[in-house]
Protein chains: 2
Amino acid sequence: MRADARRNYDHVLAVARTVLTEQGADASLRDVARRADVGLGTLYRHFPTREALLEALLRTSFDKLAAEAAELELSSSPRPALVAWLRDCVAFTHEYRGVISPMVAAIEEPESALHASCVTMRAAGTRLLSRAQNAGVARSDIDGVDLFALIAALAWLNDQPSTAPRACHLMDVIADAILTGPVRDDDDVAPSPPPTGQSPRG
Amino acid sequence: MRADARRNYDHVLAVARTVLTEQGADASLRDVARRADVGLGTLYRHFPTREALLEALLRTSFDKLAAEAAELELSSSPRPALVAWLRDCVAFTHEYRGVISPMVAAIEEPESALHASCVTMRAAGTRLLSRAQNAGVARSDIDGVDLFALIAALAWLNDQPSTAPRACHLMDVIADAILTGPVRDDDDVAPSPPPTGQSPRG
DNA sequence: ACCTGAACACCGTTCAAGT
DNA sequence: ACCTGAACACCGTTCAAGT
């Protein structure tokens, strides 16, 4: 990559970060190019689709989420690990208002530049969920696809001005729906998971 | 209202119903006018905003939902009444893909043409929720605002191609989160969880 | 009263022409 | 190699001119 191209790439990305933070993930790309003092074609050359731009903007955060999931698997017991990760997923999508829609769309479109990142994120969630299920602290009738959908729903609520104030509370409600068993949170590694996986609720 | 105006109004509304059913609530209004063989100004005269058009399209369904809520309060016990109404709310928003966003936005904007209908809908839900709470079958730490948000979240999931197939299941999960106490009610259908408490399926 | 559609200010996307 | 911006096909919204 030529030096001037690299410079343009970085500069457009920086400006895009500002503009999309202000106006959301569906901000005008024309406006981004304008504020970056760059031809419209230059923006499209470096980021052929909006998804490509979003992926570049979010890559670091995606990686952090994956790393955090791996870390939580070692450092925390199943229940608080899952809860903490859910919370951070929703906070992550709040980085750019409206970004959850393209993410949800991308997860079933392998051509999308966001596809791989979303699939990886879902896989990390699936692992944390399975671990919680094996420990008998998560309901057994949901899977990683459901979990990703619930995270997306919460992220969407977090993006709507009228529901955002309740997002934390609704997160707790939905976490309650996912998690079962004893309320005790900050325990160490799961002691003895029930053999049958059957957990009484209520 | 003059006869020709009335005719235009009705015709535009009928065409809009077709177009928005096909393309979602954010379809091109220009396209509606075109397919209705009507000047663009005529459309805007009768429906000054997109919300006004949506309100006109949905009025009947809004009324039905309100009537149903009142009916369920008399005919069914608290738990199945709330569950049935939730289900119908989500089905209702599925009438036009993407209509839940303007609805959620409208509920805090009194100027919106959708405002009154959404507030009424939320109030109906609040009544059914309070009734369930007083009967001890719904968790007491949520209110009508939360309920409306949860319905909206489910409606949104129902609109996304990748999550729509799970919408019914996720509705059950969230219904479980809202509802508490004994699963079996003395009458009516409550198709969510099996009597023993935890669903097998694993 | 009501209808019409041109006009204006925006998009996203492409691509011939420049450096 | 890379950049530029005009060109094209779309929007939503308004409003002078027509009937």
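Residue numbering restarts at 1 for every chain, and letters A, B, ... go by the order of the sequence lines.
- Partner of B/His94 under the side chain to side chain contact (heavy atoms under 4.5 Å, CB included) criterion, chosen from B/Asn158, B/Val99, B/Ile100: B/Asn158.
- Nucleotide D/dA9 forms a pair with no other nucleotide shown, judged by Watson-Crick or G-U wobble geometry with both contacts under 3.5 Å.
- Candidate nucleotides D/dC2, C/dC3, D/dC11 were compared by shortest atom distance to the side chain of B/Ser28, and D/dC11 ranks first.
- A salt bridge is absent between A/Asp159 and A/Arg97: the closest approach of a Lys/Arg side-chain nitrogen to an acidic carboxylate oxygen does not fall below 4.0 angstrom.
- Put simply, A/Arg6 has no side-chain N or O that comes within less than 4.0 Å of OP1 or OP2 on D/dC3.
- The distance from atom CG of A/Leu40 to atom C1' of D/dT4 is 10 Å, rounded to the nearest whole Å.
- Among the protein residues, A/Arg45 comes within range of the nucleic acid bases, having at least one heavy atom under 4.0 Å from a base atom.
- Nearest nucleotide to the side chain of A/Arg34, out of C/dC11, C/dT13, D/dC3: C/dC11.
- Phosphate proximity of D/dC2 to A/Asn8: absent, as no side-chain N or O sits under 4.0 Å from OP1 or OP2.
- Between B/Asp31 atom CG and D/dG12 atom P there is a gap of 9 Å when expressed in whole angstrom units.
- If you measure from atom CZ of A/Arg2 to atom C1' of D/dA1, you get 4 Å, rounded to the nearest angstrom.
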Verify salt bridge (charged side-chain N to carboxylate O under 4.0 Å, His left out) between A/Arg139 and B/Asp176, making sure each step is shown before the conclusion.
-> CA-CA 11 Å; A/Arg139 58 188 293 163; B/Asp176 276 1; 3.1 Å; yes

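- The CZ-C1' distance, from A/Arg7 to D/dC2, rounds to 12 Å in whole Å.
- Using a 4.0 Å cut-off, some side-chain N or O of B/His46 falls inside it from OP1 or OP2 of C/dC3.
- Summarising the geometry, the separation between CG on B/Leu29 and P on C/dG5 is reported as 17 Å, rounded to the nearest angstrom.
- The side-chain tip of B/Arg59 does not point at the ring of B/Phe62 from less than 6.0 angstrom away and within 45° of straight on.
- The residue B/Ala27 sits close only to the backbone: its heavy atoms come under 4.0 Å of sugar-phosphate atoms, none of a base.
- Checked against D/dC3, D/dG12, C/dG12, the side chain of B/Arg30 finds its nearest nucleotide in D/dG12.
- Not one side-chain nitrogen or oxygen of A/Thr42 sits closer than 4.0 Å to the OP1 or OP2 atom of D/dC2.
- The separation between A/Tyr9 atom OH and D/dC3 atom C1' is 17 Å, rounded to whole Å.
- In this structure D/dT19 sits in a base pair with C/dA1, meeting the Watson-Crick or G-U test at under 3.5 Å.
- In this structure, OH of A/Tyr44 is placed 14 Å from C1' of D/dA7, rounded to the nearest angstrom.
- Summarising the geometry, the separation between CG on B/Leu43 and P on C/dT4 is reported as 11 Å, rounded to the nearest angstrom.
- Salt bridge absent: B/Asp4 and B/Arg7 never bring a charged side-chain N and a carboxylate O closer than 4.0 Å.
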